[in-house]
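What you see is a predicted model, and the numbers here were worked out from it, not measured in a lab. In each ligand, atom 1 is the first atom listed, and ligand 1 is the first ligand listed.
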Amino acid sequence: MNIDKIKNKLRNYNQEHVLKWWEQLGDIQRKELLQDIESIDFELMGKLVNQYIGRKEISISFDDIKSPEIIKIPGAESEILRQKEAREIGEQCIRNGKAACFVVAGGQGTRLGFEGPKGAYPIGPIFGSSIFQFHAEKILKAQQKYNARLMWYIMTSKPLHEQTIEFFEDNKYFGMNKDQVRFFSQRMLPAIDKHGKFLMSSKHEISKSPDGHGGALFALRDSGAIDEMQKMGIEYISYFQIDNLIVKVLDPVFIGNHLKAGAQMSNKVTPKITPSEKVGAVVIMDKKYAVIEYSDLPKEHMSDKDKDGSLKFNAGSIAIHILNTEFAKSLTEEGMKLPYHIAEKNIPYVDNSGEHIKPKDKNGIKFETFIFDALKFAENVINMEVIRKDEFSPIKSLRGADSVESGRQLYINRCARWLMEAGLNIPFDKKGNVKIKIEISPLFANSPDDLQRKNLSPIDTTEDIYLVLKIRNFK
Ligand code: UTP
């Protein structure tokens, strides 16, 4: 596109200001800016700007919302049998190579404030193994168990992409085969100011941010991953988020229940700790499944009850899904089906005088899609309840709730429960936390059953415990 056409386009969309510094730019900067502009979907941005400018209060009819059906943690004999059956179906599916792992790791991780991809964070309590390493080893363990070649798809975003690949290269893919791992970036969208103008992060750069975890759908399509999956016979995508350290990847029970129900998309849920807990809730709205975000749930409705007296908004969504490959593909067939949400943020920018500003208040708007919005397009959905402390430890910030500190402790406590099931005596403090540090490589054991097959009697439980399978040959 030549410069006149670009100017025209910018004028049509009221964004001429992005060329304000044109005369001051060098050749390389001009080229970069033009590429940046050409990569923008102006039609979409025009719609999003109008959506923001003309936004109305969303009115949700809370009375019409119902709580979802949930496959509960088995208690009765019949439920235990049902779980066994689901496990067998799921295991067969994994053995046949019909399921792949997919992690979304494109978020900016602003709350954690860590330089680099969140997955590279040294979370291991003793040796600082990275989050990526934990997940990679879980996949390797599953591969051994099911004697199947398992693929791992990793979504990054532009600012993190090269660093993520380098991290895997430096660590020799954590023992995985390089050709089983695929990296691809999600799309980026310009951020706007409150008047709908693109914010500039420098005189020649438009401020952009990743298009939310729902952007996974475009990314799977754009990168060719979906087509590759279909060629390989991968029918089910085991979706998880990078920052959930203790997530069970490729859970056969979850996959089996999903298959038995002929579902297109499924959720793991866990009862909220309190009605005001800051997690989204899976519900039925307009006869479709949906997730109501905690920020959209007014205080006066948090404790609403169903007709049977149970809490309506109690099925906490922990962002672990199965998606059918074909279903995921259908959601971007004619453009993105998921809605874009508006997030107001403090976004650094260059002001009219060319000064770099780090705003103290929310000055800008980002647009994001959320993967759980895909639920309303699914004909069948299952919601499977899990024990939170066994499967969910999100790491969002350094300290406090959902942090490195709490996530690490949850992980140590889970290791301790596994070791106790295997017959060891582990010391706890008064708060119920384990007194020592424990790190178990998923390659050594990825479930209590794995541990029970080992001889653990020589372990001294008054000292920190680090269990690995072998000396690693990576960093
Ligand atoms: P979060 O919503 O916690 O966002 O992402 P974040 O970017 O990691 O952290 P903050 O909010 O800036 O502190 C939940 C999961 O979704 C992924 C993240 O990488 C994380 O695994 N995600 C989020 C993406 O892959 N892309 C996005 O655009 C947003």
Say whether, by atom type as modelled, one donor and one acceptor occur between the side chain of [X] and the main chain of [Y] under 3.5 angstrom.
| X | Y | value |
| --- | --- | --- |
| D211 | M188 | no |
| N363 | I347 | yes |
| R95 | A148 | no |

*Gap separating the CD1 atom of I382 from the CD1 atom of I71, nearest 0.5 angstrom*: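 Atom-to-atom, I382:CD1 and I71:CD1 are 4.0 Å apart.
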_Please give me the minimum heavy-atom distance between L150 and A99, naming the atom from each residue._
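Shortest heavy-atom separation between L150 and A99 comes out as CD2-O, 4.1 Å.
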*Of the non-hydrogen atoms in K268 and D251, which two are nearest, and what is the gap between them?*
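Looking at all heavy atoms of both residues, the shortest contact is NZ-OD2, 2.7 Å.
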*ligand 1: which residues have a non-hydrogen atom closer than 4.0 Å?*
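Lining ligand 1: V104, A105, G106, G107, Q108, G109, T110, R111, K118, M155, Q186, P210, G212, H213, Q241, I242, D243, K396.
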